[in-house]
Amino acid sequence: MFGLEKKDWNLLLFVAALVALAPFILNPFPENSAMAQFNAGYPDLMQRFVIFGIFAIGFNILFGLTGYLSFGHAAFLGVGSYAAIWMMKLLTMNVIPAIILSVIVAGIFSVLVGYVTLRRSGIYFSILTLAFAQMSYSLAYSVLTPITGGETGLQPKVSDPRILDGAIADGTIPKANLFGLEMGASFDLSIAGWVFTFNAGYYIAAIVMLASFYLAIRIFRSPFGLMMRAVKSNQQRMNYTGLNTKPYTLAAFVISGMYAGLAGGLMVAMDTQAGPERMFWTASGEVVLMTILGGAGTLIGPVLGAGVIKYMENILSKINSDILHGWFAFMPDGMEDFTVAILYPFIGKGWHLTLGILFMLVVIFLPGGLVEGGQRIRALFGRGKAEDKPSTEPAE
Amino acid sequence: MEAIILQILNGLDKGSAYALIALGLTLIFGTLGVVNFAHGALFMIGAFCAVTLSRILTLSHTIVDETRTDFLGNPLKVEVPYVHDIFGVSTGDVIIDWAVPLSILFAIPVMIAIGIIMERGLIKHFYKRPHADQILVTFGLAIVLQEIIKYYFGANPIPTPAPDAFKGSFDFGQALGFDPNLIIYPYWRIVYFAFAMIIIGAVFAFLQFTTFGMVVRAGMADRETVQLLGINIDRRFTLMFGMAAAVAGLAGVMYTPINSPNYHMGMDFLVLSFVVVVVGGMGSLPGAVLAGFLLGVLESFASMREVLAVLPGLNQIIIYLVAIVILLTRPRGLMGRKGVMEE
């Protein structure tokens, strides 16, 4: 169906179901229970799940398929954000033109960067992309302040022209919308202590994410995708057979840059602001972490990785020592303090430590990421063999 | 003229730090073939060795001084560092004052130990894995090390002053025959530059003039043949990793008075040091040192007011710009050897 094999179609349907039911799945605990802090079903976070999912899917098209490790991918996300916010300032608060422009601008920017950086490979490529991203960050931070707003970034203002929106009667800043449907609009459904929030912005982002996921499946299964895997496994041999690999790697780079731009545009659509810190190299590092953690070269891996990292960032970081003491209150006093003291560095503000350790463990023991972990567990229990899910096999 | 001299001097201290870190990175890359993203973290740990030692030296206990009273008329409580008890007041004060230079002695064994543990415990298992995996695992390690330091020392920079003898500035211009106060340069930066030169000289001398260094150089050129001669090259390379860690650590120790150490200083330097290594030429030790100083000085020239008036923001991007141009025109870097890291 839609040019997909049955297994890929099932995977897409699975992801679609997951995304559509996310407000239920992410809110497993009643509102007032002690576990409510583990609920991730609030609009802000759900939006971030899918947006970073898009970012990671795009990164995976470059890294997972061609093996080129870009350490500067956040630059495209940042450029996309700036393009989107300018569209909102100049034209209309409708998100469609903003997102379209962000994809186009990020695409053009990635053609420029890719043309230069792809002349080298391996570690040189990583450092060149890092250099470009850091340069964009520094420029956005300092010289380009008239365009980027410098340190404070950009927000829509009342005085902006907004040609298509016309004059605003009451002088308030209009909200980002899709033909009148505001991104922030949500509908609360409360059932016996559980509160589920359905947010318009989230579902729009989710639809975009599903479309990008579908596109990624098509790319993975296409002759073009196969060619990129060939580049990954042995570029030299491809060159010897008389094939110029440059157009393929450049195409992968640009597609992946456009995905990043799309994510940047959506980010602005959900939360109308843009700043240079989105281009900092730690942001580029984050998407690398997401993709590797989930499983580079697999379809579902990057989405999974993005979810895990964003969940940790938002939920794990909120736990403080009081909450920990609350959990271990059943233990004898000395033991309680001891347990809390052991756990404390890993949670709250120290969640990066947990992330770093988790990441190292994955790179050392599970080069295929969480997806490979899942496959190993399945194989362990003997029922579903690894062949059941060819769609999640690494691209190597 | 004096402006040019001043900018060259200003570039030297940062250039020294770049050169030292890049030297360590290249040592590791040249011997073990590993791209170490955790090298910046080693620089940072070195800086925190200095912080730790100065904290240890100022550990104090409280005594009640009967001869003096506070404003309420009670006997005054005075904090007395243990160092005073051991060495007497005047010697103790000198020791506390010289905490940063003393940290060199403290940092060398600590850094070598950390380096060897890192190599034996983690990096050893990554020789046969692709470069991307090495980058990723050391990147993860850098995050972990950084977070551990942040947990124990907090997120704020910790000021660690230089000894009093090196406070103040040296009027460089007057010594060269210019007007006074034109070219003034802090003493500690001169010390840092001299220190960097000594370390760089020591590393080169070690590699050039000792048997151990000779074997290591042979191993860098052809590992297999050296092994066939019955030499345990792996053990020597492990020691070289420890040495590279010590070089980065010492660079960090001495840098603390220039820039108060914080937990992310390593990463800030690492990104630039990688650029330095690539510009110098992957695997070339003189290239790394040369590129380190070159980029440090270039950066300082780019931040001159006259330059910024023409090309605003140049100081922020000059290093990356140079790296891009070099990589595209001289793919092997300034002094890169043939056949290193080429696909």
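Just the heavy atoms: all of them, side chains too, but no hydrogens, waters or symmetry mates, feed the values below. This one's a predicted model, so the numbers in the text were calculated from it and none came from an experiment.
Taking Leu136(B), Val271(B), Val137(B) one by one and counting their heavy-atom pairs under 4.5 Å with chain A, the maximum is reached by Leu136(B). Your options are Val278(B), Val275(B), Ile148(B), Leu145(B), and the one with the most heavy-atom pairs under 4.5 Å with chain A is Val278(B). Among Gln235(A), Met360(A), Arg119(A), the residue making the largest number of heavy-atom pairs under 4.5 Å with chain B is Met360(A). When the candidates Gly67(A), Gly285(A), Ser138(A) are compared by the number of heavy-atom contacts under 4.5 Å with chain B, Ser138(A) comes out ahead.
Using a cut-off of 4.0 Å between Lys/Arg side-chain N and Asp/Glu carboxylate O, Asp234(B) and Arg223(B) are scored as salt-bridged. Comment: Glu286(A) does not engage Arg278(A) in a salt bridge, judged by the lack of any side-chain N to carboxylate O separation of less than 4.0 angstrom.
The distance from atom CD of Gln146(B) to atom CE of Met44(B), rounded to the nearest 0.5 Å, is 6.0 Å.
With a 4.5 angstrom heavy-atom cutoff, Val288(A) touches chain B only via side-chain atoms. Within the 4.5 angstrom heavy-atom criterion, atoms from both the backbone and the side chain of Leu141(B) approach chain A. For a residue to count as touching a neighbouring chain, one of its non-hydrogen atoms must lie under 4.5 Å from one of that chain's; by this rule Leu321(B) touches chain A with backbone and side chain alike. For Ile292(A), the part lying under 4.5 angstrom from a heavy atom of chain B is the side chain only. For a residue to count as touching a neighbouring chain, one of its non-hydrogen atoms must lie under 4.5 Å from one of that chain's; by this rule Phe274(B) touches chain A with backbone and side chain alike. Proximity to chain B is limited to the side chain of Ile127(A), based on heavy atoms less than 4.5 angstrom apart. For Tyr137(A), no part lies near chain B; criterion is any non-hydrogen pair under 4.5 Å. Neither the backbone nor the side chain of Leu355(A) comes within less than 4.5 Å of any heavy atom of chain B. Contact annotation for Ile143(B): only side-chain heavy atoms (C-beta onward) come within less than 4.5 Å of a heavy atom of chain A. Heavy atoms closer than 4.5 Å to chain B are found in both the backbone and the side chain of Val363(A). For Phe37(B), the part sitting under 4.5 Å from any heavy atom of chain A is the side chain, from C-beta outward, and nothing else.
Side-chain contact between Thr129(A) and Leu69(A): absent, with no pair of heavy atoms (C-beta onward) separated by less than 4.5 Å. Taking 4.5 Å as the limit, some side-chain heavy atom of Tyr248(A) sits within range of a side-chain heavy atom of Leu243(A).
Defined by atom type and a distance below 3.5 Å, a donor-acceptor pair is present between the side-chain atoms of Tyr18(B) and Glu299(B). Checking His73(A) against Ser256(A) by side-chain atom types alone, a donor-acceptor pair falls below 3.5 Å.
Counting non-hydrogen atoms of neighbouring residues, nucleotides and ligands closer than 6.0 angstrom, the OH atom of Tyr127(B) exceeds 12 such neighbours.
For the pair Lys246(A) and Tyr115(A), the cation-pi criterion (under 6.0 Å, within 45° of the ring axis) is fulfilled.
Looking at Asp133(B), its side chain never comes within 3.5 Å of a backbone N or O of Arg129(B) through a donor-acceptor pair.
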